[in-house]
Student: 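Quick one: the structure is below, questions incoming.
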2 protein chains.
Amino acid sequence: MNNLGNNKKDSTTDNIALDEKDIAILQLLEEDAKMTIRDLAAKLNLSATPVYERIRKMEQAGVIRQYAAIVDPSKIDKALTVLCYISLKEHGKKAGSKFIKEITSFPEVMECLNISGQFDFMLKVQVKDMLAYHEFNVNKLGELDNIRHMESVFVMSVIKATHRVVY
Amino acid sequence: MNNLGNNKKDSTTDNIALDEKDIAILQLLEEDAKMTIRDLAAKLNLSATPVYERIRKMEQAGVIRQYAAIVDPSKIDKALTVLCYISLKEHGKKAGSKFIKEITSFPEVMECLNISGQFDFMLKVQVKDMLAYHEFNVNKLGELDNIRHMESVFVMSVIKATHRVVY
DNA sequence: TTCTAATTGGAACATTATTCTATACTGATA
DNA sequence: TATCAGTATAGAATAATGTTCCAATTAGAA
């Protein structure tokens, strides 16, 4: 048990009620953010204006957090994904914050989750190859002083990876 | 050890050499895919044409896999993330394919990784709450007949989550 | 140097996003 | 049922952006 992590709300406004049309728009934009408003409108049997307004509302409400270009890691020589499990020695607020600050500064760390179970954190680390991971381990994780235990699990293949949360 | 997973290449063309300008473009588009070509050009001290051509090449080469709207799960009532670890009884090609086909069909499964270690797969499951996860477990995972062992790890907070792989 | 191929700038053009206004709808009230 | 207020919508006008074209420039090889 620990009290680490950062739960700050980053929404611009309060919650928003989404109807079926909003959901449909989200589903389409999750797959292809470059779809034009007119194409969206045609699929939903609407004109451009309501689609445009609905998207704008969802952006402002923080429902749509970001539009991102998704890059294939293997194409930029980052073919190895490793899940790195870490438990800390000190779980106090101060020690935890320090660890988080350092971890999040590493560009190799795509994801850092505060988890239940025997470990405190799971990192998803994206690197070129095993040598690069070894160096990350030694030079970056190895420099942190609050790590009690560490375990690496290697990703052999990606069966499914999506950003779609709307269904 | 197993031979599961699907490593098919989905690139449109062969590999491509990326220079510093390409990298810079990727980094910016990973953060904000809606940034205009003219803004990108201004940041890179180029005109619109070369930026446009470079993006097009990276799209066709599969370096840019997708443009996606990233939705905040908590805003659409999917606030609980669970890591679900699974090991199979049968690891043959046929049994593995069947499992993969079923798992990837579940919309709650955001991610499915074939991993090293005591388990065969890690699923990242995104649901409303604990009750919804319980139902997913019973009604969907529970219907699969090839599962030997299963373990759930709950995500208490997300410290870092990025799609940036270019650095 | 000279040549070739690739890259670039800037203008022209095509497409799309965005705004505006009038109309249609919805649900509540009397 | 009639009327009203608030919201959502379509369609046209405008602004912004994407896309193409071509001439000029650059970089590298012979």
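Quick note on labels: first sequence line is chain A, next is B, and so on, each numbered from 1.
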Student: What is the distance, to the nearest angstrom, from the CD1 atom on B:I55 to the P atom on C:dT7?
Tutor: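 In whole Å, C:dT7 P and B:I55 CD1 are 15 Å from each other.
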Student: Do A:E59 and A:Y67 have side-chain N/O donor and acceptor atoms under 3.5 Å apart?
Tutor: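 There is such a pair between these side chains.
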Student: Hey, does B:T49 reach any base, or is it just sugar-phosphate, or nothing, if we go heavy atoms under 4.0 Å?
Tutor: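 Base: the residue B:T49, judged by heavy atoms under 4.0 Å, touches a nucleobase.
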Student: Describe the nucleic acid contact of B:D19 in one word from base, sugar-phosphate, nothing, applying a heavy-atom distance below 4.0 Å.
Tutor: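 It contacts nothing in the nucleic acid.
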Student: Can you figure out which of D:dG18, C:dT18, C:dT8 approaches the side chain of B:I37 most closely?
Tutor: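 Nearest nucleotide to the side chain: D:dG18.
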Student: How many Å lie between CG on B:L40 and P on C:dG9, as a whole number?
Tutor: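 In whole Å, C:dG9 P lies 14 Å from B:L40 CG.
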Student: From OH of B:Y52 over to C1' of C:dT15, roughly how many Å is that when rounded to an integer?
Tutor: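 Atom OH in B:Y52 sits about 11 Å away from atom C1' in C:dT15.
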Student: Using every non-hydrogen atom in the two residues, find where A:V165 and A:E30 come nearest and quote the distance to one decimal.
Tutor: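 Answer, listing the atom of A:V165 first, then A:E30: N-OE2, 2.9 Å.
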Student: State whether A:R54 places a side-chain N or O below 4.0 Å from either non-bridging phosphate oxygen (OP1 or OP2) of D:dT9.
Tutor: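 Yes, because at least one side-chain N or O of A:R54 sits under 4.0 Å from OP1 or OP2 of D:dT9.
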Student: Between B:K34 and D:dA16, is there a contact of a side-chain N or O with OP1 or OP2 at under 4.0 Å?
Tutor: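 For D:dA16, neither OP1 nor OP2 has a side-chain N or O of B:K34 closer than 4.0 Å.
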Student: Touch check for B:R56, heavy atoms < 4.0 angstrom, all strands: base, sugar-phosphate only, or nothing?
Tutor: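 The residue B:R56 makes no contact with any strand.
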Student: Does A:I70 belong to the same Ile/Leu/Val/Met/Phe/Trp/Tyr cluster as B:I55, with side-chain heavy atoms less than 4.5 Å apart forming each link?
Tutor: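 Shared cluster, no.
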